[in-house]
Amino acid sequence: MRINILKYAAIGLGLACFAMTYTSCTLPQSLTVHTKESKKTPANYTYYTSQDSVNTGKINWKEFFTDPNLAALIDTALGRNQELNIMRQEITIRQNEIRARKGEYLPFVGFGADAGIEKTAKYTPMGAVEEQLSTEKGSFSDPLGMYGIGLNASWELDVWRKLRNAKKSAVYRYLGSVEGRNFAVTNLVREIANSYYELLALDAQLQILVQNIEIQTNALEIVRMEKIAARVTELAVRKFEAEVLKNRSRIYYIRQSIIETENRINFLVGRYPQPIPRTTETFLKMQPDSIHAGLPSQLLLNRPDIRQAENNLAASKIDVTVARAQFYPSLRITAGVGYQAFKAQYLINPNSLLYGIAGDLMAPLVNRNALKAQYYSASATQIQNVYDYERTLLNAYIEVANQVSNISNLKQSFELKERQVQALTQSITISTGLFRNARADYMEVLMTQRDALEARFELVDTKLQQMNAMVNIYQALGGGWN
């Protein structure tokens with residue numbers, strides 16, 4: 001008997017060795033060839049050659065946005081925005097995935113109990129055995145009951161760290177989901193701030209339009225008096241009247257834009273439409289905060305989307321290792337202990353005790369196409385994530401470089417437009433005086449007022465672009481999530 005056991009053990013060991021040798025010789029080649037992502041960045045930003053490491057992106061959003069009304073909106077949105085709440089649940093799902101992966105490389109232990117009854121046919125092998133036993137040792141009950149209770153356990157030994165690596169991959173994906181939420185926070189802060197400044201710009205345009213209508217109404221009265229004095233015709237009166245009516249109509253378009261912008265903010269904040277409290281400070285006098293872009297290499301740590309791409313890449317690299325380990329033999333140990341008897345009164349009895357332990361070593365030998373497909377897909381996914389990481393880093397650098405240039409150009413443009421508005425505002429007074437003295441045509445007065453209005457509108461738009469550029473570069477530098 002002992003010789004047979006040794007023989008079977010030798011055969012099993014030989015088969016296991018053959019399986020391991022065959023597996024190692026026929027593993028598919030990696031598609032990635034250990035593809036390494038590039039983390040190189042330029043020494044500084046285009047149009048910004050400072051080597052100062054001070055970075056505005058590290059400033060907390062509560063310190064960056066000093067307007068209390070804007071800060072209150074952002075604070076409310078961080079707790080009530082539906083998209084962020086959805087992403088919080090995604091993070092919870094990732095946490096549970098880690099828990100599930102961790103449980104896979106721990107022993108599984110279960111408790112079971114069973115009861116049943118069986119009638120064996122007389123002219124079957126089992127029926128013949130029962131009849132013989134009944135003849136030799138007395139009658140058996142027929143049908144025969146069966147009762148049992150016991151514990152069973154199974155444990156896959158993580159020899160190749162397949163299960164632990166799967167858990168490690170889940171950890172990286174969890175970290176990636178956290179960074180994804182952080183990036184969503186930066187986008188939310190940016191969107192609320194830009195919408196808030198757009199609301200202030202609309203208020204300023206409405207105020208400018210009301211002031212301009214007052215000026216045009218006064219000019220209309222002057223033209224009417226000039227018509228009475230026979231210095232102009234009815235055409236001049238109608239032209240000025242039409243201009244006043246056109247601008248009065250524009251008021252309603254601006255009011256509608258204000259309502260839509262308020263409701264956009266309300267949606268981001270996660271509440272139904274209501275008026276948005278805002279600053280009474282003159283919009284054109286608002287000064288954007290000074291921005292320090294720091295060094296491009298700081299984007300690797302500051303930008304949540306870059307960190308998310310990095311975590312996803314790390315997870316995909318581990319997934320390749322896990323997929324490769326599927327080709328190796330897996331060792332599983334199973335064990336059980338309990339009581340079993342044909343009558344309930346014999347169940348808890350030393351003679352009813354049974355137990356067993358077994359181990360099996362399994363390795364895929366034939367038809368491994370599914371495993372190969374899984375391995376090649378994991379390798380391709382790793383390559384995708386390498387390119388995604390490099391694209392994310394490049395995009396972050398370009399965003400900052402664009403906004404640095406934008407801030408500089410908008411500053412110059414605003415100063416020139418401000419001088420343009422001053423010149424056209426003075427031209428209104430001059431043209432009106434010349435018209436009264438019959439030294440200027442009414443069309444000159446009308447066109448001067450129209451040009452002045454448009455110039456003031458453009459000045460407000462440029463100021464809005466300045467404020468948006470300040471918000472956008474703060475977000476591009478990685479600010480807003482902390």
Side-chain angles (χ1 to χ4, degrees), residues 1-24 99-167 322 325-368 370-371:
M1 184 68 179
R2 182 178 179 184
I3 295 175
N4 289 336
I5 294 175
L6 292 175
K7 181 177 68 174
Y8 293 141
I11 293 174
L13 182 61
L15 290 174
C17 291
F18 170 75
M20 294 179 66
T21 304
Y22 176 80
T23 300
S24 61
R99 183 179 300 176
R101 293 292 185 183
K102 183 178 180 181
E104 288 181 354
Y105 60 78
L106 298 176
F108 289 88
V109 180
F111 171 79
D114 61 87
I117 189 170
E118 182 179 359
K119 170 68 172 69
T120 305
K122 181 177 181 179
Y123 299 112
T124 61
M126 283 301 300
V129 171
E130 288 186 7
E131 185 175 359
Q132 183 178 359
L133 291 175
S134 178
T135 303
E136 294 177 356
K137 299 185 178 182
S139 62
F140 283 81
S141 60
D142 191 18
L144 192 65
M146 185 58 66
Y147 304 90
I149 57 172
L151 297 174
N152 59 79
S154 64
W155 183 26
E156 181 177 351
L157 300 181
D158 195 16
V159 180
W160 316 110
R161 298 189 64 84
K162 175 180 64 177
L163 303 178
R164 283 177 170 80
N165 283 333
K167 178 228 174 183
V322 173
Q326 296 289 345
F327 292 91
Y328 299 138
S330 60
L331 177 60
R332 178 177 293 275
I333 297 175
T334 57
V337 61
Y339 292 91
Q340 193 173 58
F342 61 87
K343 288 187 177 181
Q345 61 264 34
Y346 298 148
L347 185 59
I348 308 300
N349 188 293
N351 293 324
S352 299
L353 178 66
L354 59 88
Y355 58 85
I357 184 169
D360 60 84
L361 185 67
M362 298 294 295
L365 296 179
V366 183
N367 192 14
R368 304 187 302 167
L371 296 179

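Just the heavy atoms: all of them, side chains too, but no hydrogens, waters or symmetry mates, feed the values below. Quick note: residue numbers are just sequence positions, from 1.
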R164: what forms a salt bridge (Lys or Arg N to Asp or Glu O under 4.0 Å) with it, not counting sequence neighbours? D158
Evaluate the side-chain proximity of P329 to W160: yes if any heavy-atom separation is below 4.5 Å, no if none is.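 In contact.
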In chain order, what residues pass the side-chain contact (heavy atoms from CB on, under 4.5 Å) check against [X], with sequence neighbours excluded?
| X | value |
| --- | --- |
| I117 | P143 |
| V159 | L157 |
| L106 | none |
| R332 | S154, E156, T334, D360 |

Counting only N and O atoms by type, is there a donor-acceptor contact under 3.5 Å from the side chain of W155 to the main-chain atoms of A335? no
CA sep, side-chain torsions, deciding dist, call: F327, L371, side-chain contact (heavy atoms from CB on, under 4.5 Å): CA-CA 7 Å; F327 292 91; L371 296 179; 3.7 Å; yes
Within a radius of less than 6.0 Å around OH of Y355, do more than 12 heavy atoms belonging to other residues, nucleotides or ligands occur?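 Result for OH/Y355: open.
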Check V109 against A153 and note the closest heavy-atom contact, atom names and distance. CG2-CB, 4.0 Å
Going from [atom1] on [X] to [atom2] on [Y], what distance comes out if it is rounded to the nearest 0.5 angstrom?
| X | Y | atom1 | atom2 | answer |
| --- | --- | --- | --- | --- |
| R99 | K167 | CZ | NZ | 12.5 Å |
| L347 | Q340 | CG | CD | 9.0 Å |
| L151 | F111 | CG | CZ | 7.0 Å |

Before giving the answer on side-chain contact (heavy atoms from CB on, under 4.5 Å), spell out for I348 and I149 the whole-Å C-alpha distance, their side-chain angles and the decisive distance to 0.1 Å. CA-CA 9 Å; I348 308 300; I149 57 172; 3.8 Å; yes
